[in-house]
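Single-structure report; data block below.
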Protein chains: 2
Amino acid sequence: MAKSTNREDHLKALYALGERKGGSDAWVATNDLAAHLQVKAPSVSGMVQVLQELGWAEHRPYHGARLTPSGRSLALSLVRKHRLWETFLVQRLGFGWDEVHDIAEQLEHIDSVELVQRLDAYLDHPEVDPHGEPIPNVHGDILDKRVLMPLSELPAGAWGQIGAVQDDQGQVLDQLQRNNLGLGSVIGPKERTTLPAEGHQYILVTPWENADARPQTSAP
Amino acid sequence: MAKSTNREDHLKALYALGERKGGSDAWVATNDLAAHLQVKAPSVSGMVQVLQELGWAEHRPYHGARLTPSGRSLALSLVRKHRLWETFLVQRLGFGWDEVHDIAEQLEHIDSVELVQRLDAYLDHPEVDPHGEPIPNVHGDILDKRVLMPLSELPAGAWGQIGAVQDDQGQVLDQLQRNNLGLGSVIGPKERTTLPAEGHQYILVTPWENADARPQTSAP
DNA sequence: CCTATTTTTTAGCCACACCTAAAAATGACA
DNA sequence: TGTCATTTTTAGGTGTGGCTAAAAAATAGG
Ligand SMILES: [Mn+2]
Ligand SMILES: [Mn+2]
Ligand SMILES: [Mn+2]
Ligand SMILES: [Mn+2]
């Protein structure tokens with residue numbers, strides 16, 4: 001038994017949902033994985049057992065799954081590849097930030113350590129991807145230490161600056177683009193009402209103290 | 001039924017062996033496909049029937065298989081992608097010409113028309129890949145009209161200039177590199193004895209009239 | 001032209017990754 | 001605490017793409 005595209009995608013989902021739940025000791029529910037992967041629960045049940053046999057995840061039946069250290073390390077290398085490829089597609093090939101996720105979802109599975117190293121160097125070792133999300137380094141460390149919160153959790157009346165947007169939320173990326181908002185844009189009460197509320201959880205912001213300062217927008 | 005990595009690889013093999021046999025009406029034997037794909041004959045038998053159902057190949061049992069026009073067109077688009085990616089890996093990422101085939105074998109299956117278009121433009125619409133092999137254009141036409149013959153078929157005593165080397169023959173690429181030979185190098189009797197005879201069929205040359213002219217070597 | 005060898009296909013098996021339907025465990029709450 | 005709704009797993013089935021062993025067709029030699 002070895003790597004495969006599907007196993008890698010399940011691993012990555014387990015990492016992503018675990019992070020969202022607050023760290024490496026969080027248990028992730030089968031149903032949540034199934035929803036994220038657009039697959040039925042029994043498929044996840046089966047795959048999670050495979051991940052356990054591979055030593056990549058721990059599975060407590062009827063309770064959930066979480067990554068082992070080696071699984072986490074593999075997941076981080078997939079996230080790294082995904083975000084490096086997205087950076088390449090936007091910075092070098094000129095794609096829009098809303099067009100690259102599906103392609104990177106394929107490219108991340110290309111198996112070549114040398115390729116990732118050269119790509120990273122070619123892009124000048126970027127620290128964040130086109131959606132503002134941090135790119136783990138070759139050791140799996142995330143050096144980016146910004147503290148971001150979902151716009152949906154920003155106190156009413158407060159302002160925030162967009163630090164990142166979930167890359168798999170094409171709709172939200174579109175909405176921002178249509179409103180001339182992007183990474184670095186500052187969000188006030190007006191923008192909050194303009195942007196559909198369902199998307200607020202996918203827009204990650206830093207609280208913005210002085211609402212009078214000039215918004216430092218980097219057009220998307 | 002739709003595309004898949006394996007079906008695409010079989011299609012590409014059918015194209016490659018058909019070309020080697022002299023064109024689009026050549027029938028390719030099951031065993032030859034199996035040898036090329038490093039798979040057993042029954043697997044090819046099954047796959048060839050699938051290709052027929054997909055309308056990509058014609059199969060006459062106990063006789064062989066060949067591409068339909070639509071299969072040929074798909075195969076050419078795969079060859080195009082493979083060679084564009086190899087060009088990217090060598091020209092932009094600095095890989096050696098003997099390191100890129102296996103990676104391109106994966107990259108060629110990435111499914112995005114837009115990506116191929118942008119990659120082609122990014123590379124300034126190259127006409128040949130790092131191994132000298134022509135890159136079909138977006139319509140599947142091969143504009144490169146050089147007439148190349150295997151070194152093994154060059155008359156004894158004649159000279160030849162290297163026009164291309166089969167990209168899947170890593171050993172041959174290595175041998176050339178070790179002898180400081182590459183695309184454009186001129187091969188005389190001395191080089192022919194130096195290079196192992198088994199590799200001669202994979203080195204494609206144009207006959208070289210004036211053996212006294214300076215060899216126009218492009219270092220590999 | 002008939003037999004022996006080679007080539008190819010068919011038959012039957014397995015692993016992977018998905019599905020639906022049914023069973024089992026959990027947890028909420030009366 | 002007992003029941004019930006929800007979640008999860010298990011059971012059983014499908015399609016893909018491999019394999020080996022056996023059968024069938026083609027080819028070659030005497
Ligand atoms: Mn993926
Ligand atoms: Mn991203
Ligand atoms: Mn391939
Ligand atoms: Mn090539």
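Atoms considered below: every heavy atom in the structure, side chains included; atoms not considered: hydrogens, waters and symmetry mates. Naming: A, B, ... by sequence-line order, numbering from 1 per chain.
Under 4.0 angstrom from either OP1 or OP2 of D:dT9 there lies no side-chain N or O belonging to A:Q49. Side-chain N/O atoms of A:S4 include none lying less than 4.0 angstrom from OP1 or OP2 on C:dC16. Distances shown here put a side-chain N or O of A:S43 below 4.0 Å from the OP1 or OP2 atom of C:dC19. A close approach under 4.0 Å does occur between a side-chain nitrogen or oxygen of B:H59 and OP1 or OP2 of C:dT9. Distances shown here put every side-chain N or O of A:N31 at or beyond 4.0 Å from the OP1 or OP2 atom of D:dT6.
Across all strands, A:V39 comes closer than 4.0 Å only to sugar-phosphate atoms, never to a base (heavy-atom distances). Residue contacts shown for A:T30 are limited to sugar-phosphate atoms, with no base heavy atom under 4.0 Å away. Backbone-only engagement by A:P61 is indicated by non-hydrogen atom pairs under 4.0 Å involving sugar-phosphate atoms exclusively. Note on A:R7: only backbone sugar-phosphate atoms sit closer than 4.0 angstrom, heavy atoms only; bases stay farther off.
A donor-acceptor pair shorter than 3.5 Å can be found between the side chains of A:H125 and A:D120. A donor atom on one side chain and an acceptor atom on the other are not found under 3.5 Å apart for A:Q166 and A:H131.
Distance A:E53 CD to C:dA17 P: 12 Å, rounded to the nearest Å. Atom CG of B:D9 is separated from atom C1' of D:dG17 by 12 Å (rounded to the nearest Å). Nucleotide D:dT10 holds its P atom 20 Å from the NZ atom of A:K40, rounded to whole Å. Rounded to an integer number of Å, the gap from B:L51 CG to D:dG17 P is 9 Å. One atom, CD of A:E8, and another, P of C:dA17, lie 11 Å apart when rounded to the nearest Å. With rounding to whole Å, B:L37 atom CG is found 19 Å from D:dT16 atom P. Atom C1' of nucleotide D:dG17 and atom CE of B:M1 are separated by 13 Å, given to the nearest angstrom.
Of the candidate nucleotides C:dC18, C:dT8, C:dC16, C:dC18 has the atom nearest to the side chain of A:M47. Distance from the side chain of B:S45 is smallest to C:dT10 among D:dA11, D:dC19, C:dT10. Nearest nucleotide to the side chain of B:N6, out of D:dG18, C:dT8, D:dT10: D:dG18. The side chain of B:Y62 approaches D:dA24 more closely than any other nucleotide in the set C:dC19, D:dA24, D:dG18.
B:G160 approaches B:L154 most closely through the heavy-atom pair N-CD2, 3.7 Å.
Checking each of A:L183, A:L195, A:D98 against A:L176 for a side-chain contact (heavy atoms from CB on, under 4.5 Å) leaves exactly one that passes, namely A:L195.
The residues B:R72 and B:E19 are annotated as salt-bridged, a charged nitrogen and a carboxylate oxygen being separated by less than 4.0 angstrom.
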